[in-house]
Amino acid sequence: MSQGVLDAFITEVIAKSSFEEMDRMYLTNRVLARVGEGVLEVETDLDKLIDLKDQLVEEAVRLETIEDSQTAREILGAELMDLVTPCPSQVNRDFWATYVQSPEQAIADFYQLSQKNDYIKLKAISKNIAYRVPSDYGELEITINLSKPEKDPKEIAAAKLVQASNYPQCQLCLENEGYHGRVNHPARSNHRIIRFEMAGQEWGFQYSPYAYFNEHCIFLDGQHRPMAISRQSFERLLAIVEQFPGYFAGSNADLPIVGALF
């Protein structure tokens with residue numbers, strides 16, 4: 001049965017967050033400010049949160065509230081899904097409170113949150129192709145990642161005109177948590193990072209939005225610094241798999257283009 005897309009989205013936000021029915025008017029006005037009041041007349045047959053978010057984004061384009069561009073869509077989409085995402089301090093409190101009882105459950109809950117709030121792009125990842133082939137060295141899994149969208153040539157040209165910024169310093173820094181986004185840096189309003197200490201330093205644990213592997217996650221140094229492969233790298237890898245059970249941890253080459261631990 002058709003219903004207003006705005007009401008349907010707000011209903012799902014309330015059902016999947018700490019907001020309550022009393023917050024409906026507040027949430028309605030928050031969304032109207034970003035999408036446009038013309039959406040009040042739009043109906044939908046959809047009932048899933050992410051699908052409703054996608055429809056609201058397209059309505060914002062139709063109403064010319066945002067530009068018809070991939071960047072504008074990503075920024076608005078992340079802002080809308082931030083409504084169902086607890087603040088970083090709450091995410092971390094919940095994670096470590098659960099970790100005391102069950103590290104596996106804490107990790108599973110964080111993974112579920114990262115899917116529910118569309119930080120992990122499940123709809124896009126479903127387009128990926130994977131198949132297995134025999135080889136002289138055993139069975140190989142070949143994957144073709146089709147999930148991460150290609151930049152529009154117009155946006156690539158526009159990015160060249162944007163004043164250079166070193167904030168965030170890279171796409172894996174802690175500063176990305178909650179970042180609004182711009183034409184040359186992805187939107188991260190709904191991004192959350194689990195903080196933990198390793199060898200006396202702050203580190204972060206997050207998932208990859210466009211996964212190459214099942215539960216593809218990233219462990220990042222709290223300080224932006226050049227990657228280096230050393231004895232300490234292996235000590236960190238062992239510490240990671242001990243603290244985060246169920247995961248395999250590896251390290252990219254220490255070349256500027258490839259980056260961090262995964």
Task: Contact check, side chains of Q223 and L174, non-hydrogen atoms, under 4.5 Å - done: no

Task: Test item: E79 and H180 side chains (from C-beta on) under 4.5 Å apart, heavy atoms - done: yes

Open item on the list: Would a single hydrophobic cluster contain both Y247 and L113, if residues Ile, Leu, Val, Met, Phe, Trp and Tyr are joined by side-chain heavy-atom contacts under 4.5 Å?
Closed with: yes

Open item on the list: Check this for me, if you would: do D68 and R62 make a salt bridge, where the nitrogen-to-carboxylate-oxygen distance has to be below 4.0 angstrom?
Closed with: no

Open item on the list: I want to check something: taking the side chain as every heavy atom from C-beta on, are Q206 and Y119 in contact at a cut-off of under 4.5 Å?
Closed with: yes

Task: Hphob cluster co-occupancy, W96 + I240, side-chain heavy atoms under 4.5 angstrom - done: yes

Open item on the list: What I want to find out is whether D118 reaches K123 closely enough, with some N-O distance under 4.0 Å, to be called a salt bridge.
Closed with: no

Task: Worked verdict on I193 versus F205 for side-chain contact (heavy atoms from CB on, under 4.5 Å) - done: CA-CA 6 Å; I193 302 172; F205 161 48; 5.7 Å; no

Task: E43 side-chain N/O to S2 backbone N/O, donor-acceptor pair under 3.5 Å - done: no

Task: Side-chain (N128) to main-chain (S147) donor-acceptor, under 3.5 angstrom - done: yes

TODO: Kindly say whether M25 contributes a backbone atom to a donor-acceptor pair with the side chain of N29 at under 3.5 angstrom?
DONE: yes

Task: OG-CE distance between S233 and M227, expressed to the nearest 0.5 angstrom - done: 5.5 Å

- [ ] List the steps, then state whether side-chain contact (heavy atoms from CB on, under 4.5 Å) holds for E177 with R188.
- [x] CA-CA 6 Å; E177 190 173 45; R188 292 290 184 259; over 6 Å; no

Task: Sidechain-backbone polar pair: N190 side chain, N117 backbone, donor-acceptor under 3.5 Å - done: yes

TODO: Take atom CZ of R225 as the centre, draw a 6.0 Å sphere, and report whether it contains more than 12 heavy atoms from other residues, nucleotides or ligands.
DONE: yes

Open item on the list: Between L46 and V5, is there a side-chain heavy-atom distance shorter than 4.5 Å?
Closed with: no

Task: Close side-chain approach of F219 to M198, heavy-atom, < 4.5 Å - done: no

Task: With I14, the side-chain contact (heavy atoms from CB on, under 4.5 Å) member among D23, L83, L27 - done: L27

Task: Single-linkage hydrophobic cluster, 4.5 Å side-chain cutoff, I218 and Y179 together - done: no

- [ ] Measure the acute angle between the ring planes of F95 and F110, then classify it against the limits of 30° and 60° as parallel, tilted or perpendicular.
- [x] perpendicular

- [ ] Kindly write out the residues that satisfy salt bridge (charged side-chain N to carboxylate O under 4.0 Å, His left out) with R132, not counting sequence neighbours, or none if the list is empty.
- [x] E139, E141

TODO: Spell out, yes or no, whether I107 and L122 are grouped together once hydrophobic residues are joined by side-chain heavy atoms under 4.5 Å, including indirect joins.
DONE: yes

- [ ] List the steps and the verdict of side-chain contact (heavy atoms from CB on, under 4.5 Å) for I50 and D54.
- [x] CA-CA 6 Å; I50 293 175; D54 289 341; 4.1 Å; yes

Open item on the list: Using modelled atom types and a 3.5 Å cut-off, is there a donor and acceptor pairing between side-chain atoms of S114 and backbone atoms of I120?
Closed with: no

Open item on the list: Applying side-chain contact (heavy atoms from CB on, under 4.5 Å) to L40 and L6, what does each step give before you reach the verdict?
Closed with: CA-CA 7 Å; L40 287 167; L6 179 61; 3.7 Å; yes

Task: Close side-chain approach of F196 and Y99, heavy atoms under 4.5 Å - done: no

Open item on the list: Donor-acceptor pair, distance only, cut-off 3.5 Å: does the side chain of N176 make one with the backbone of C173?
Closed with: yes

Task: Sub-4.5 Å side-chain heavy-atom contact between S165 and R182 - done: yes

Open item on the list: With a 3.5 Å distance limit and no angle check, can you tell me whether K53 reaches the backbone of M81 through a side-chain donor-acceptor pair?
Closed with: no

Task: In one Ile/Leu/Val/Met/Phe/Trp/Tyr side-chain cluster, 4.5 Å: I75, V61 - done: no

Task: F234 atom CZ, neighbour heavy-atom count above 12 within 6.0 Å - done: no

Task: Residue that, paired with R192, satisfies salt bridge (charged side-chain N to carboxylate O under 4.0 Å, His left out) out of D94, D82, D109 - done: D82

Task: Spacing of K127 atom NZ and I144 atom CD1 [to the nearest 0.5 Å] - done: 15.0 Å

- [ ] Examine distances only and state if a side-chain atom of R195 and a backbone atom of E202 form a donor-acceptor pair shorter than 3.5 Å.
- [x] no

Open item on the list: Any non-hydrogen side-chain atom of N92 less than 4.5 Å from a side-chain atom of I194?
Closed with: yes

Task: Neighbour count above 12 (heavy atom, 6.0 Å) for Q201 CD - done: yes

Open item on the list: Classify the ring geometry of Y111 against Y207: parallel below 30°, tilted from 30° to 60°, perpendicular beyond 60°.
Closed with: tilted

